[in-house]
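Okay, structure first, notes after.
Note that the coordinates shown come from a computational prediction; the quantities given were computed from them, not determined experimentally. FYI, side chains are in, hydrogens and waters are out, and symmetry mates aren't considered; it's all heavy atoms of this structure. Positions are given from 1, in the same order as the sequence printed here.
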Amino acid sequence: MARKDTILKSFLTHHLLESKYEFDKTDLPSTVREALSSDKAVIKAIALIVEGLDGTSPVTDSVLRNQVTQFLNEAL
């Protein structure tokens, strides 16, 4: 398992997210690639952050913030 997949899993299994969104643990994506195609906005947003910070070509904080903001505005 790649480092970024481990980071994603750590976020998605955090007790605050589990209690707020009531994710079914069997339906959670196991890789960032799977999470990026998720139909749940919060999962995809977290995947965008993890990919942006720990991906093959990391982006700056401001670019990442703009990407996540744009995605959330379009998704909601």
Side-chain angles (χ1 to χ4, degrees):
M1 181 177 282
R3 178 178 172 208
K4 62 184 175 180
D5 297 333
T6 305
I7 293 169
L8 174 73
K9 187 165 185 78
S10 174
F11 275 113
L12 295 180
T13 58
H14 191 275
H15 67 80
L16 290 175
L17 281 177
E18 284 182 340
S19 65
K20 172 84 174 163
Y21 296 100
E22 299 176 356
F23 294 136
D24 182 11
K25 290 185 181 186
T26 59
D27 291 338
L28 290 177
S30 57
T31 65
V32 172
R33 183 178 302 274
E34 290 174 9
L36 287 171
S37 62
S38 176
D39 59 343
K40 293 179 174 60
V42 68
I43 291 176
K44 189 169 180 176
I46 292 170
L48 284 169
I49 294 167
V50 171
E51 180 67 27
L53 294 176
D54 201 49
T56 54
S57 57
V59 296
T60 64
D61 288 348
S62 62
V63 170
L64 182 58
R65 182 183 64 244
N66 290 339
Q67 287 176 342
V68 172
T69 302
Q70 181 180 358
F71 164 71
L72 290 174
N73 285 334
E74 291 172 1
L76 302 174

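- Closest approach of Glu22 and Ser19 over heavy atoms only: CG-O, 3.8 Å.
- The minimum heavy-atom distance linking Thr31 with Asp5 is given by the pair CA-OD1, 3.3 Å.
- The nearest pair of heavy atoms linking Leu36 to Ala47 is CD2-CB, 3.7 Å.
- Within the structure, side-chain hydrogen bond (donor to acceptor under 3.5 Å, both in side chains) pairs that include any residue of residues 63-73 comprise Gln70-Glu74 (at least two apart or interchain).
- The closest side-chain heavy-atom distance from Lys40 to Tyr21 is not below 4.5 Å.
- Using modelled atom types, one side-chain atom of Glu34 and one backbone atom of Ser30 make a donor-acceptor pair closer than 3.5 Å.
- The two residues Leu72 and Ala45 make their nearest non-hydrogen contact at CD2-CB, 4.0 Å.
- Annotation: the span from Ser57 atom OG to Glu51 atom CD amounts to 7.5 Å, rounded to 0.5 Å.
- Between Pro29 and Ile43 the shortest heavy-atom distance is CG-CG2, 3.8 Å.
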For residues 7-15, dump all side-chain donor-acceptor pairs below 3.5 Å to protein atoms at least two apart in sequence or in another chain.
unit_1: Thr13; atom_1: OG1; unit_2: Lys9; atom_2: O; d: 2.7
unit_1: His14; atom_1: ND1; unit_2: Leu16; atom_2: N; d: 3.1

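- Separation of atoms CG (Leu48) and CG (Leu53) is listed at 10.5 Å; rounding is to 0.5 Å.
- A distance of 13.0 Å separates CD1 of Ile49 from CG of Asp54, quoted to the nearest 0.5 Å.
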